[in-house]
Asks: 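Here you go, one structure.
Each chain gets a letter, A, B and so on, in the order the sequences are listed, and its residues count up from 1.
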Amino acid sequence: MALAVALVVVIITLLSGYFFWAHTWWFPIDISKHGGAIDRQFTLTLIITGIIFVLAQLALAYAVWRYRDRGDGRKARYSHGNNKLEATWTIAATVLFIGLTLMGYHIWAGIHFVGAAPGAMRVEVWGQQFAWYFRYPGPDGQFGPVHIGDKYDPATGKYIDDNKVDDATGNYLGLDRDHDAASKDDIVTATLAVPVNQQVELILRSKDVTHSFFVRELRLKQDLVPGMEIPIHFTATKTGRFEIACAELCGLGHYKMRAFFEVMTEPDYQKWLQNMAAAQ
Amino acid sequence: MAEMQAEIVHRHEAPKAFIWKYIFSLDHKVIGIQYYLLALFSVFVGLTLSILMRIHLVWPQASIPLLDKVSPLGAPGGVISPEYYLSLLTLHGTIMVFFVLTTAPQGGFGNYFLPLQIGAEDMAFPRLNMLSFWTTFAGLAVLMATFFIHDGPPIGGWTSYPPLSAVGGAAGPGMAVGETLWVVSIAIFCVASMLGAINFIATTLDLRARGLSLMKLPLTCWAWFLTAILGLLSFAVLLAAGVLLLLDRTGGTSFFIPGGLLVSDKPILHSGGSPLLWQHLFWFFGHPEVYIAILPGMGVTSHVLSTFARKPIFGYRAMVYAMSAIGVLGFCVWGHHMFVSGMSPYSAFAFSVLTMAIAIPSAIKTFNWIGTLLGAKIRFSTPMLFSIGFVSLFVTGGLSGIFLGQPPLDIYFHDTYFVLAHFHMIMGVASIFGIFTATYFWFPKMFGRMMNETLGKIHFWITFVGVYAIFMPMHYLGLEGNPRRYAEFIDNFLLPLMSVHRFISIAAFITGAAQLIFLFNLIWSLFKGKKATENPWEATTLEWTVPSPPPFDNFAGKHPVIYHGAYEFSVPGAEKDYIMQNSPEEVAADH
Ligand code: HEM
Ligand SMILES: [Cu+2]
Ligand SMILES: [Cu+2]
């Protein structure tokens, strides 16, 4: 029995580790400026936890096998522990775990503590059950106001009908192009396209419930919370077509809430934007 | 067997009528068994739901017999619809977390064995004890009712984030009546857990036998005690959150609902609320909750490892301090569930450091378990196998937490199968292994018969290998970015992963079926098992000084006196290789 337990633990450990080692399943390519650092931090964490994983499981397997009751009348060692050992592994665990997270600090800071550069291109990302819309501000660089749902009027305590959303005419975001000057040139699309090697700031917003914007290759995930405008920025470094998945449970169609994310060369991007503007 | 060191005071007789003896019993042992049966029913429901989910994920068109009888709307012709998948998901998670992992380890075994291990006749407040069980039962009944309403159980997941959970039927099937029942059920459960927690705290503090200082308590008792404190503080917060959500849903308030929402083309007449407020409140409960689920498992694992290693637990004090540290820090890390939620990124950094801090006591516990085995003389009975399995799973599940606790890595892994793997390993399966350990270990005391060892071992082998086969590959899916809570996989990048999903499903079917062996063993042993002696495992704690099963008043009116710590095994010079806690025998190196 002892040998069987030990062997099974060893086999499980080696097999589990093997697939990490062999990269049988792995991250997709990284197409972002910040992603390389994330991948390196992952690898570092994998090495450290991997060593602990293998050592701990093998120690368990060894102890189980080595210290089985052999029926030889030997007594177990009478010991209540060892304070030096306790202190050693406490300190080791502290240094390793806290150290790891501190080492990743600059990556998080780079993504979140510094805002987008002033010249960054801005796109609004809108989530709704179960579709994505993207809004480009147009030549004026301004997003016009949206008219979604009803507005609460604190003066009267009543809700005023302010809903201009009309899927039939393609007015998904309730823009009032006739009255709001800033809305006139706004471009609303169903695909997110950005130029390569240019910083982009996304402003994440939701019409109904919480969603989450996830592009694997960008190493980027951020929730869209109703009532909030959440900024997030990135620079894509490779052209190509990728998938946007929703990563926060948003209702019955959560699994099919998807869209495409295209990184284009600057000329291609300009052409695409013109086509989209013409189609509004 | 050592004589009880106390004079007879007065004996208490059990009530005779069936209803007072078995239904509305005040006896902690009967209530413990009631909790256990409730959890047993729940775990098989939860398991069935997970099997249905795994079927749907790999064979979305499969027709399941009888399912359309349960839900004509969610599973027309027996074929699970994507929205019904989410109903199954919500109830699977809710049942497993609340009605299995929060009931069996604490309400079940804690109830039965805390008084026995501390030498008390019953819990401090027997009536409160009965009330907390029946309140839990009411909570479960309300939750199960969601299966039978028109549009089925809610689809909001066990975390029930608003606005999805707050705006009613517009949000999807099950989000009208079903979601209201969900909130009510959870609120009832919160009340029940708090009543139970008060009882555990009072019992541990007030009813310990003479000589049983806190540092002589079995680690199981420490775990139940700390779990109760966590439960009291965290369920209070969830209860408050649940009441607010209920008010948002039915009272027109806007705690969690901001203005200007349009759900299914329907303007939502609310304004000024914050969806993130719910997440803060929920996870302020939710993180301590995972420790509520696992601490009793840690306690029983420590207890059983020491007993079957025939060796004192390594670092008893370190174990107590580590569990206490986990208890305190458990309230300081809820934000690690919210790194990408839109919460301030500065607080994310603080939560990350605190999360790593809580990994330290967890690591200490693991080292101490392995330390306990060094130099041991291990007996491989089924409870021991499951506690060895617990240690292995705890290591595996704990280490993936080191990834998720780092915000830059959580950006990628959040809400993917990596998280699913992590919490199933450490909270789900490890805790379930704790429950199995406790069942095989204490069954003889509870029912006076041994469980069948051969069946127990078969059950262990299939389950241990099975859970690794199910949950290890989920890490790989997480690396590929596979989002969780997807009813079907239609994204291009998910299609190549279907073979992994098929492997997982098949492993789940086998592992699920193996649980019937356990069920069979349980029932068979109840009637046909070998008669158990008073102390079949040669353990040291007080429950093994009374007959199996114990009499109604536990110690027959006597008051045990404690002389030793709980883990005096293989003491040099001692007559046997274990010394009972109440044995007056002198021990040279006693602590
Ligand atoms: C054979 C054992 C089990 C299997 C096959 C299984 C399978 C699953 C599956 C397929 C999901 C849904 C994944 C998704 O679509 O995101 C899930 C979710 C979940 N499971 Fe399990 N599970 C098992 C045992 C457990 C146990 C013992 C627990 C106890 C904690 C548990 C707790 C949960 C929770 C909390 C969720 C999340 C529900 C949600 O997203 O709202 N499971 N499980
Ligand atoms: Cu979604
Ligand atoms: Cu947590």
Asks: Given heavy-atom pairs under 4.5 angstrom as the criterion, report whether the side chain, backbone, both or neither of A/Asn163 touches chain B.
Replies: side chain

Asks: Taking atom types as modelled, is there a side-chain donor on A/Tyr105 or B/Ser352 under 3.5 Å from an acceptor on the other?
Replies: no

Asks: With only heavy atoms counted, which part of A/Ala109 is less than 4.5 Å from chain B, the side chain, the backbone, both or neither?
Replies: neither

Asks: Is it the side chain or the backbone of A/Val5 that comes within 4.5 Å of chain B heavy atoms, both, or neither?
Replies: both

Asks: Which one, A/Ser79, A/Ala92, A/Ala59, leads in non-hydrogen pairs under 4.5 Å with chain B?
Replies: A/Ser79

Asks: Side chain, backbone, both or neither: which part of A/Phe214 has an atom under 4.5 Å from a heavy atom of chain B?
Replies: side chain

Asks: Which bit of A/Phe53 comes within less than 4.5 Å of chain B, counting heavy atoms only: side chain, backbone, both or neither?
Replies: both

Asks: Against chain B, label A/Ala61 side chain, backbone, both or neither, depending on which of its atoms sit under 4.5 Å from a heavy atom there.
Replies: neither

Asks: I'd like to know which of A/Val209, A/Ile230, A/Thr45 tops the heavy-atom pair count under 4.5 Å against chain B.
Replies: A/Thr45

Asks: Would you please say whether a donor-acceptor pair under 3.5 Å links the side chains of B/Thr366 and B/Asn368?
Replies: no

Asks: State whether the number of non-hydrogen atoms from other residues, nucleotides or ligands found under 6.0 Å of B/Lys266 atom NZ is greater than 12.
Replies: no

Asks: With a 4.5 angstrom heavy-atom cut-off, which part of A/Ile111 approaches chain B: side chain, backbone, both or neither?
Replies: side chain

Asks: If you measure only the distance, is there a donor-acceptor pair under 3.5 Å linking the side chains of B/Gln279 and A/Thr210?
Replies: no

Asks: Using atom types as modelled and distance alone, determine if a side-chain donor or acceptor of A/His34 lies under 3.5 Å from a backbone N or O of A/Arg219.
Replies: yes

Asks: Between A/Ser212, A/Gly81, A/Ser206, A/Ala37, which has the largest tally of heavy atom pairs under 4.5 Å with chain B?
Replies: A/Gly81

Asks: With a 3.5 Å cut-off and no angle check, do the side chains of A/Tyr172 and A/Gln128 form a donor-acceptor pair?
Replies: no

Asks: Using non-hydrogen atoms only, which part of A/Asn82 is less than 4.5 Å away from chain B: side chain, backbone, both, or neither?
Replies: both

Asks: What part of A/Glu248 gets within 4.5 angstrom of chain B, counting heavy atoms only: side chain, backbone, both, or neither?
Replies: both

Asks: Taking the cut-offs as 6.0 angstrom to the six-membered ring centre and 45 degrees off its axis, would you call A/Arg241 and A/Phe260 a cation-pi pair?
Replies: yes

Asks: Report the residue from A/Phe27, A/Trp25, A/Trp26, A/Tyr18 that forms a ring pair (Phe, Tyr, Trp, His ring centres under 6.0 Å) with B/Tyr476.
Replies: A/Trp25

Asks: Taking every heavy-atom pair that is under 4.5 Å apart, which of A/Leu96, A/Asn83, A/Asp208, A/Ile48 has the most such pairs with chain B?
Replies: A/Asp208

Asks: Could you verify whether a donor N or O on one side chain and an acceptor N or O on the other, from B/Ser570 and B/Asp577, lie under 3.5 Å apart?
Replies: no

Asks: Would you call B/Gln406 and B/Asp410 a side-chain contact if the rule is heavy atoms closer than 4.5 Å?
Replies: no

Asks: Is chain B contacted by the side chain of A/Ile11, its backbone, both, or neither, given a heavy-atom distance below 4.5 Å?
Replies: neither

Asks: With a 4.5 Å cut-off on heavy-atom pairs, point out which of B/Tyr161, B/Phe493, B/Phe349, B/Tyr316 contacts chain A the most.
Replies: B/Phe493

Asks: Return the option, out of A/Ala63, A/Ala247, A/Ser16, with the maximum number of heavy-atom pairs under 4.5 Å with chain B.
Replies: A/Ser16

